[in-house]
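Have a look at the structure below, then the notes.
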Amino acid sequence: MTRPARLLSVGALTLDTILRVETLPTHQGKFIAADGVQIASGMATSAACAAHRLGAEVSLWASAGDDLIGDQLIAGIEAEGIDCSHVRRISGARSALASILVDAHGERIIVPFYDSLAQADPEALPFADITAFDAVLVDVRWPGAAALALKAARAAGRPAILDADTAPLAVLEQLLPLASHIVASEPAVRIICGHALDLASACSDMASRTDAFVAVTGGAAGTWWFDRATGSSRHVAAPKIKAVDTLAAGDVFHGAFAVGLAEAMPVEQALRFASAAAALKCLRFGGRLGAPGRTETLAMVTATWPETAQFFDGCSIA
């Protein structure tokens, strides 16, 4: 591809307050944070910012209130280079918030709030032609918009990528049939499959329920993806790192994977690219602020999988 990939990211836009503590609380009380940051974030938004750092031109379709927080959110994301012209503002609604604690091992507790008024289903896409984008990525936080975007992308022959994460089963069942590519977290797989499976078996179970490409992420354990040519699950190892902050690692993974598909990378190469980006993010505190650039991501890919160096030498779009 001789130009930057063009990506649409659809879903959550939240004001995140991220606090770093030694251990996650197990009882009531007051706890003093060692560090803290407040940023515009959310699953789709973090993925958008990550994709932009990896070289893509990205538009965000999200919903916010007409409040001061909404102004702050849009200003923060536009400063990252993301097109926010499609962000919907709802009169009288409150923009989304999230409080997040991250411990010394990088694990976290996330407590989000979404105003149902702001999350009301849209009537239509906010643009005329979805073929302006090379790929479309949606999360599960704004299901009505996600459904519209997935349907339009798939009808247009564009990758229609679902970030399947923790959500009500009804939401997951609504969106799964609409996607061409599903990348599910371990918690989402447990909700969908309804029984305990190792992740390789869970990946196969997921693949039996859809005609889409299916992958299941397992954090440090790596990613499993279903190879329909062989009828079996295959594994992509995660780079070995010592995590500082896992917050937004999944979002970075999805943003990078979407960039890979938009650039027509083979799926296994796109998964390695995404795994490298997510691993690098985990080395830095601050959620999506730790998302890496393209050069360091490609360096991590070739260091982890030296046999791919020749392929990725041709993937240096700035």
Side-chain angles (χ1 to χ4, degrees), residues 1-13 42-45 47-48 51-52 56-63 82-88 119-165 167-184 188 192 203 206-216 225-229 251 253-267 269-271 274:
M1 183 176 285
T2 58
R3 60 164 175 78
R6 296 174 184 140
L7 179 67
L8 174 67
S9 190
V10 181
L13 172 60
M43 293 169 64
T45 301
H52 182 65
E57 294 178 356
V58 187
S59 295
L60 177 67
W61 185 24
S63 186
I82 306 302
D83 168 28
C84 291
S85 62
H86 302 309
V87 175
R88 184 182 72 170
Q119 297 304 109
D121 290 350
E123 294 182 0
L125 295 171
F127 40 79
D129 186 8
I130 205 161
T131 62
F133 304 104
D134 298 304
V136 173
L137 170 67
V138 310
D139 68 28
V140 294
R141 297 291 174 251
W142 192 17
L148 288 173
L150 289 175
K151 288 176 185 177
R154 195 159 188 183
R158 297 293 194 263
I161 309 156
L162 172 62
D163 175 356
D165 199 9
L169 179 59
V171 169
L172 294 167
E173 289 180 335
Q174 174 193 3
L175 298 179
L176 287 171
L178 306 179
S180 65
H181 294 74
I182 300 165
V183 182
I192 295 162
C203 185
M206 285 275 294
S208 71
R209 300 165 183 257
T210 176
D211 62 352
F213 169 84
V214 172
V216 176
W225 64 281
F226 192 77
D227 185 350
R228 296 195 184 275
D251 307 328
F253 185 104
H254 286 86
F257 181 68
V259 171
L261 291 187
E263 294 181 4
M265 291 183 193
V267 290
Q269 305 297 356
L271 289 170

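- Using a 4.5 Å heavy-atom threshold, the side chains of Met206 and Phe226 count as separate.
- Looking at Thr45, its side chain does come within 3.5 Å of a backbone N or O of Ala12 through a donor-acceptor pair.
- Between Pro177 and Thr210 the shortest side-chain heavy-atom distance does not fall below 4.5 Å.
- The minimum heavy-atom distance linking Ala188 with Ala164 is given by the pair CB-O, 3.2 Å.
- Among Leu13, Leu137, Asp139, the one residue that satisfies the side chain to side chain contact (heavy atoms under 4.5 Å, CB included) test with Met43 is Asp139.
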Stepwise side chain to side chain contact (heavy atoms under 4.5 Å, CB included) check, Val267 with Leu261: CA-CA 7 Å; Val267 290; Leu261 291 187; 4.1 Å; yes
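- Scanning all heavy atoms of the two residues, the minimum distance from Ala156 to Thr131 falls at CB-CG2, 3.7 Å.
- When every heavy atom of Arg228 is checked against every heavy atom of Ala212, the shortest pair comes out as NH2-O, 2.7 Å.
- Taking NE2 of His254 as the reference point, atom NE2 of His181 lies at 12.0 Å (rounded to 0.5 Å).
- Applying the side chain to side chain donor-acceptor pair (under 3.5 Å) test to residues at least two apart or on different chains, the pairs with a partner in residues 150-162 are Arg154-Asp211.
- Screening residues 167-176 for side chain to side chain donor-acceptor pair (under 3.5 Å) gives no qualifying pairs among residues at least two apart or on separate chains.
- Pairs passing the ring pair (Phe, Tyr, Trp, His ring centres under 6.0 Å) check and including a residue from residues 135-161, sequence neighbours excluded, read Trp61-Trp142.
- Judged as a side-chain contact (heavy atoms from CB on, under 4.5 Å), and not counting sequence neighbours, the contacts of Ala167 are Val140, Arg141, Val171, Leu172.
- Of the possible polar contacts, none joining the Ser180 side chain to the Pro159 backbone as a donor-acceptor pair under 3.5 Å is found.
- In terms of heavy-atom proximity, Ile82 sits nearest to His52 at CD1-CB, 3.6 Å.
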Steps toward side chain to side chain contact (heavy atoms under 4.5 Å, CB included) verdict (Phe213, Ile182): CA-CA 6 Å; Phe213 169 84; Ile182 300 165; over 6 Å; no
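- Here the CZ atom belonging to Arg6 is positioned 13.5 Å from the CG atom belonging to Leu8, to the nearest 0.5 angstrom.
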Derivation of the side chain to side chain contact (heavy atoms under 4.5 Å, CB included) call for Trp225 and Val214: CA-CA 6 Å; Trp225 64 281; Val214 172; over 6 Å; no
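- Partners of Val138 under the side-chain contact (heavy atoms from CB on, under 4.5 Å) rule, at least two apart in sequence or in another chain, are Val10, Val136, Ala146, Ala149, Leu150, Leu162.
- Leu175 and Ala147 get closest at one heavy-atom pair: CD2-N, 3.7 Å.
- Residues forming a side-chain contact (heavy atoms from CB on, under 4.5 Å) with Ala51 (at least two apart in sequence, or on another chain): Leu7, Ala56, Val58, Val259.
- Considering CG of Asp163 and CZ of Phe253, their distance stands at 10.0 Å, rounded to 0.5 Å.
- Not a single donor-acceptor pair under 3.5 Å links the side chain of Arg209 to the backbone N or O of Leu176.
- Taking CZ of Phe257 as the reference point, atom CE of Met265 lies at 10.5 Å (rounded to 0.5 Å).
- For Ser59 against Asp83, the heavy-atom pair with the smallest separation is OG-OD2, 2.9 Å.
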